There are 2 protein chains.
Amino acid sequence: MKLTAKGRYAVMAMTDLAAQGAGALIPLSDIAARQKISLSFLEQLFRQIRRAGLIESQRGAKGGYRLEQAAADISLDQIILAVDEPIKTHGCTPEARHGCTGSSERCLTHDLWGALESHIGAFMSSVTLADVVAGRVTPSIVLDMEAAE
Amino acid sequence: MKLTAKGRYAVMAMTDLAAQGAGALIPLSDIAARQKISLSFLEQLFRQIRRAGLIESQRGAKGGYRLEQAAADISLDQIILAVDEPIKTHGCTPEARHGCTGSSERCLTHDLWGALESHIGAFMSSVTLADVVAGRVTPSIVLDMEAAE
DNA sequence: TTAAACTTGACTAAAATAGTCGGAATTACT
DNA sequence: AGTAATTCCGACTATTTTAGTCAAGTTTAA
């Protein structure tokens, strides 16, 4: 899972949308103003998010966007994956130049990248928009996991 | 913590070095050949890793690199931080254009990025070179953490 | 003396990122 | 019917970052 500014903006905008209440149609211009993100850029992001099925739109005057599902049912990884290309963690693919599939044996770090990927994914899929809006995402979540290890 | 191909190569090369045994001086050309990484590029990486104090070098014929500490005492985040700029997770800094420090209140997602950062950091600092060499890094580590949640 | 190896800084090509632009389609309201 | 608000779309582009090269050293073992 790639973590870029684009994904950050998408999460910020979706959080804003979720914070506006459940059923209302919110025009992008409102979100753009509140989050200080250019409208054009937001349009591009929301286009992708809509195609992923996370939001629904209504065109025309008084139109806007609303969440397709409840905020508690939308996890952050869904948002990130909607706007960024999915994978990018390890180069151990047949196409990669320096991957380990070229050589006969697996490279020593092969499993590592997979584990890292899973680790990040587990976190992002465990946090929902509702969590973020409610301020339930704090470093304590992480500390809990570390302590439990 | 940024996760790029550069950091990956650094970890791969350091793993290779650790796998060669404790005290021996290993020339970079050996690692370059085994890991299929260009020698020039490796030189650049090892320069940064040496400055970070993770390895020591001996110049001249029969020279090379060896780990400064035991493989069990070198964690992956030390390697990543040595070759990549440290931070890059959230834009909530004074310099950032769209950060939350500009507005009076904190942005809703502020804590989130910090938590994500901690989460990734916790993983990378919990894994040592010795773990990777011994093949102790598998997705099961992640599953353990999830199950414990 | 020679060859192996590290050291350094500057440079660069390619890729990815972040974001723009112009226009078209749709809808509510008057 | 007309107008303003709004989503929708694809293509385009400037900037930044990444990945990697290059040329010219310095140091040491044999």
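All of these numbers come straight from a predicted model, not from anything done at the bench. Reminder, nothing fancy here: chain letters follow the sequence lines and each chain counts from 1. Note: hydrogens, waters and symmetry copies are ignored here, and every other heavy atom, side chains too, is used.
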Carboxylate-amine/guanidinium contact Lys2(A) Asp84(A), below 4.0 Å | no
Taking Gln20(B) for its side chain and Asp16(B) for its backbone only, find out whether a donor-acceptor pair lies under 3.5 Å.
-> yes
Please state how far atom CD1 in Ile80(B) lies from atom C1' in dT18(D), giving the value in whole angstrom units.
-> 15 Å
Any idea which of dG20(D), dA19(D), dG10(D) is nearest the Thr4(B) side chain?
-> dA19(D)
Between CG of Leu42(B) and C1' of dC6(C) the distance, given in whole Å, is 13 Å
Atom-pair distance (CZ on Phe46(B); P on dA19(D)), nearest Å = 16 Å
Hey, what's the ring geometry for His119(B) with His119(A), parallel, tilted or perpendicular (30° and 60° as the breaks)?
-> parallel
Rounded to the nearest 0.5 Å, the CZ atom of Arg51(B) sits from the CZ atom of Phe46(B) at a distance of 14.5 Å
Positive for side-chain contact (heavy atoms from CB on, under 4.5 Å) with Thr15(A), one of Leu76(A), Ile31(A), Asp131(A), Leu129(A) | Leu129(A)
For Ile37(B) and dA19(D), give me the distance from atom CD1 to atom C1', rounded to whole Å.
-> 12 Å
Can you tell me if the side-chain N/O atoms of Arg51(A) get under 4.0 Å from OP1 or OP2 in dC8(D)?
-> no
At what angle, to 10 degrees, do the two end axes of the helix from dT1(C)-dA30(D) to dT30(C)-dA1(D) meet, given five pairs define each axis?
-> 10°
5' priority, DNA chain C, between Gly63(A) and Gly7(A) [closest heavy atom] = Gly7(A)
Expressed in angstrom and rounded to an integer, what is the separation of Tyr9(A) atom OH from dT17(C) atom P?
-> 14 Å
Test item: Val137(A) and Val127(A) side chains (from C-beta on) under 4.5 Å apart, heavy atoms = yes
Show which side-chain atoms of residues 53-69 of chain A pair as donor or acceptor with protein atoms under 3.5 Å away, not counting sequence neighbours.
residue  : atom : partner  : partner atom : Å
Glu56(A) : OE2  : Arg66(A) : NH1          : 3.3
Arg66(A) : NE   : Gly23(A) : O            : 2.6
Arg66(A) : NH2  : Gly23(A) : O            : 3.2

Rounded off to whole Å, could you give me the CG-to-P distance for the Leu3(A) and dA18(C) pair?
-> 11 Å
Heavy-atom side-chain contact between Leu42(A) and Tyr9(A) under 4.5 Å = no
Ignoring hydrogens and angles, tell me if any N or O in the side chain of Thr109(A) forms a donor-acceptor pair with the backbone of Leu112(A) under 3.5 Å.
-> no
Whole-Å distance, Asp30(B) CG to dA4(C) P, equals 13 Å
Lys2(A) NZ - dT17(C) C1' separation (whole Å) | 9 Å
Nucleotides 21-30 of chain D: protein proximity per nucleotide (B base, S sugar-phosphate only, - neither; heavy atom, under 4.0 Å) | B---BBBBS-
